[in-house]
J.: 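Input: one structure, supplied below.
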There are 2 protein chains.
Amino acid sequence: MRWSLDDVPVYVAVVEQGGMTGAAALLGRPKSSVSTAIARLEKALGVRLLQRNSRSQRITAEGETFYRHALMIIEQAREADAIVAGLRADPAGRLSVALPPAFCQEIVAPRLPAFRRAWPKIDLRILITSHGVELLREQVDMAVVVGRMEDSDLVARVLIAGALTCVASPDYLARNPVADGLEALRSHIQLCETRYGSKRVPVHVAGQAATLDLETGISHVNNPLVVRAAVLNGAGVAPLPRHYVRDQLRDGSLVEVRPDVTFDIEASTLSAVYLSRRLMSPRTRVFLDFLTEASR
Amino acid sequence: MRWSLDDVPVYVAVVEQGGMTGAAALLGRPKSSVSTAIARLEKALGVRLLQRNSRSQRITAEGETFYRHALMIIEQAREADAIVAGLRADPAGRLSVALPPAFCQEIVAPRLPAFRRAWPKIDLRILITSHGVELLREQVDMAVVVGRMEDSDLVARVLIAGALTCVASPDYLARNPVADGLEALRSHIQLCETRYGSKRVPVHVAGQAATLDLETGISHVNNPLVVRAAVLNGAGVAPLPRHYVRDQLRDGSLVEVRPDVTFDIEASTLSAVYLSRRLMSPRTRVFLDFLTEASR
DNA sequence: CCGCAGCGTTCAGTTAATTGAACGATGTGG
DNA sequence: CCACATCGTTCAATTAACTGAACGCTGCGG
């Protein structure tokens, strides 16, 4: 990357104003600076961005492509700026958020003291519910939901896009070895989270597509932590979102079973949903940032 | 935004190298430049990014936050750079892609001549299938799939996150006015795409959550364009992805019915899926870019 | 058909940023 | 416990970038 990032906003201004003079006026800098910046950018990229005469200006195909990416760079920069500006403003006030039970307990709760310490002036109100989106318009500023439901004027940001993995306790496995084959794996599954406990769950076994019946003869509960607790106590094998078993896999209280079986569904995706990206209060910003960091 | 984008890579280098001297060595610039850049960035942001003595260096909470966003800015810049570098390399060779039937016909096909003109040396092979992901590892370089299935080492990029909307032909509506209420709407729906034709489809009516039965007594077909053709010829009301009825809504051959009913499902999301973001050939890059532009 | 308004480029003077060496500070190994 | 190695900062000399006026070009209206 041999080009200067500072030339990117200049280029965007030129494209959007349809000319260097307009861009110069917008940026409040002499047009010669704009001209130099564009020339430098083109030289560094090795591509003609704008086909320009002294009177007409049209964007080239390469310029169009670069413009789209330039917009995304600037969008990211603006977001970074808004975040830091929010941090400086010392966020305060009431912030209501809706969180799903398992996410709140596992991911948010352990980090809540740190959040309180960082932003003591934020009066945080957590509402534990699995149907947070419905409360968005009236009662809460932000909701974390399972899945990626992206709706009209709502903005969704994926927090965790983790995959499912089959786990069991070591002593269960010692007593009940799991043989090869999908049917053998299936026979060890006693309990499953409701959300992905359907009749035909698409999976891949060593690259080969197949389906797994997680409905017939299996108990269901709508909380992955309950499933985890059961499996920890020897309730066979169960598919669980990887981010809810990370600690257990590390300390050895759970082990992965048949890692060659990968699930194609996105049952464990968690998104933060809020109303508008633009008019976001500093406190909502820092909380979204907190969630992003907590979900890493 | 009063800070310079060019200082962002410097900051990232300092964080990752754990010090200014290391960052200076990495960037191949004098350490005084690095020191100045960090000081300037901190001043412009109005925030302390790094708490540093002459021998120890620890990142502040604000610095951590800014670092995450800085990474994203640089990621975007790198992608832009790679794209342009790909364009310069004059992409050539065989490129196999898997596309779903409706997407190929409606979005890709009309723009195919433009793609051929832009990249005559790319030998494009399109495979029309609804199960493109399964072919990813062996037969195709990229697959467009309905939904957002994001799996392990696959990278998915959302092309269209359009919502569903209920449409009908104007003359059908003239002969059969649609009354208020969800049940009234329901009675006009004769045909529905298979994917979202389930028993309990979550919807919102003027902000109120409800469900709609799109299974009982409704015909189904796994191609939204067939549904559209039927509706154009007077087959009642049907929910369709907005991007497949955009032209018809504009020219008046279809009209929106009950726009106060919004669907919460993401049936019409289309993603491009490929294996690795890093080792992407120029031809795959330009095709992804082409898809992104075509989907706008 | 031509003059002019307005565009992007060029260039020399000016200003700001960059730089390498010197400096003070600090943790560590002997 | 202290000397040293190493780190980040500072500062003046250097260098590169920026700027504003002048220039040349072009398309449009008269």
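Sequence lines set the chain letters: A, B, ... in the order given, protein chains first and strands last, and positions in each chain run from 1.
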J.: Restricting to pairs with a member in residues 91-100 of chain A, which pass side chain to side chain donor-acceptor pair (under 3.5 Å), not counting sequence neighbours?
T.: none
J.: Would you indicate, yes or no, if dC7(D) has its OP1 or OP2 atom less than 4.0 angstrom from a side-chain nitrogen or oxygen of Gln57(B)?
T.: no
J.: Tell me the interatomic distance from Ile38(B), atom CD1, to dT18(C), atom C1', rounded to whole angstroms.
T.: 15 Å
J.: Starting from P on dT10(C), measure out to NZ on Lys43(A) and report it in whole angstrom.
T.: 12 Å
J.: Starting at CZ of Arg58(A) and ending at C1' of dG8(C), how long is that distance when rounded to a whole Å?
T.: 15 Å
J.: Which residues pass the salt bridge (charged side-chain N to carboxylate O under 4.0 Å, His left out) test with Arg68(B), sequence neighbours left out?
T.: Asp289(A), Glu293(A)
J.: Show me the protein contacts with nucleotides 15-22 of chain D, counting only N or O atoms at under 3.5 Å.
T.:
from    : atom 1 : to       : atom 2 : distance (Å)
dC18(D) : OP2    : Arg40(A) : NH1    : 3.2
dT19(D) : OP2    : Ser33(A) : OG     : 2.3
dG20(D) : N7     : Ser32(A) : OG     : 2.9
dG20(D) : O6     : Ser32(A) : OG     : 3.1

J.: Would you mind reading off the distance between Leu27(B) atom CG and dG20(C) atom C1', rounded to a whole angstrom?
T.: 17 Å
J.: What is the bend of the helix from dC1(C)-dG30(D) to dG30(C)-dC1(D) when you compare the axis at one end with the axis at the other, using five pairs each and rounding to 10°?
T.: 20°
J.: With sequence neighbours left out, write down each residue that passes ring pair (Phe, Tyr, Trp, His ring centres under 6.0 Å) with Phe287(A), or none if nothing qualifies.
T.: Phe115(A), Phe290(A)
J.: Suppose the criterion is side chain to side chain donor-acceptor pair (under 3.5 Å): which pairs have a residue in residues 3-23 of chain B, not counting sequence neighbours?
T.: Ser4(A)-Asp6(B), Asp6(A)-Ser4(B), Asp81(A)-Trp3(B), Asp7(B)-Arg40(B), Glu16(B)-Tyr67(B)
J.: In whole Å, what is the span from the CD1 atom of Ile59(B) to the P atom of dG8(D)?
T.: 14 Å
J.: Please list, chain by chain and in numerical order, all residues satisfying side chain to side chain contact (heavy atoms under 4.5 Å, CB included) with Gln76(B), sequence neighbours excluded.
T.: Met72(A), Ile73(A), Gln76(A)
J.: Which ones in residues 14-24 of chain A lie close to DNA chain C, meaning a heavy atom under 4.0 Å from one of its atoms?
T.: Gly19(A), Met20(A), Thr21(A)
J.: Check whether any side-chain nitrogen or oxygen of Arg52(B) sits under 4.0 Å from OP1 or OP2 of dA25(C), and answer yes or no.
T.: no
J.: Going by atom type alone, with no hydrogens or angles, which donor-acceptor pairs under 3.5 Å involve a side-chain atom of residues 83-91 of chain A and a protein atom two or more places apart or on another chain?
T.:
from     : atom 1 : to        : atom 2 : distance (Å)
Arg88(A) : NE     : Leu45(B)  : O      : 3.2
Asp90(A) : OD2    : Lys121(A) : NZ     : 2.8

J.: Looking at Ser169(A) and Leu232(A), what are the two nearest heavy atoms and their distance?
T.: CB-O, 3.9 Å
J.: Mind calculating the distance between CG (Leu41(B)) and C1' (dT18(C)) to the nearest angstrom?
T.: 17 Å
J.: Could you name each residue pair satisfying ring pair (Phe, Tyr, Trp, His ring centres under 6.0 Å) that touches residues 12-47 of chain A, not counting sequence neighbours?
T.: none
J.: In residues 244-255 of chain B, what donor-acceptor pairs under 3.5 Å come from side-chain atoms, sequence neighbours left out?
T.:
from      : atom 1 : to        : atom 2 : distance (Å)
Tyr244(B) : OH     : Phe103(B) : N      : 3.1
Arg246(B) : NH1    : Arg296(B) : O      : 3.4
Asp247(B) : OD1    : Arg250(B) : NH2    : 2.8
Asp251(B) : OD1    : Ser253(B) : N      : 2.9
Asp251(B) : OD1    : Ser253(B) : OG     : 2.8

J.: Going by side chain to side chain contact (heavy atoms under 4.5 Å, CB included), name the residues that satisfy it together with Arg2(A), two or more places apart in sequence or in a different chain.
T.: none
J.: Determine the minimum heavy-atom distance between Met280(B) and Met142(B), stating which atoms define it.
T.: CE-CE, 4.1 Å
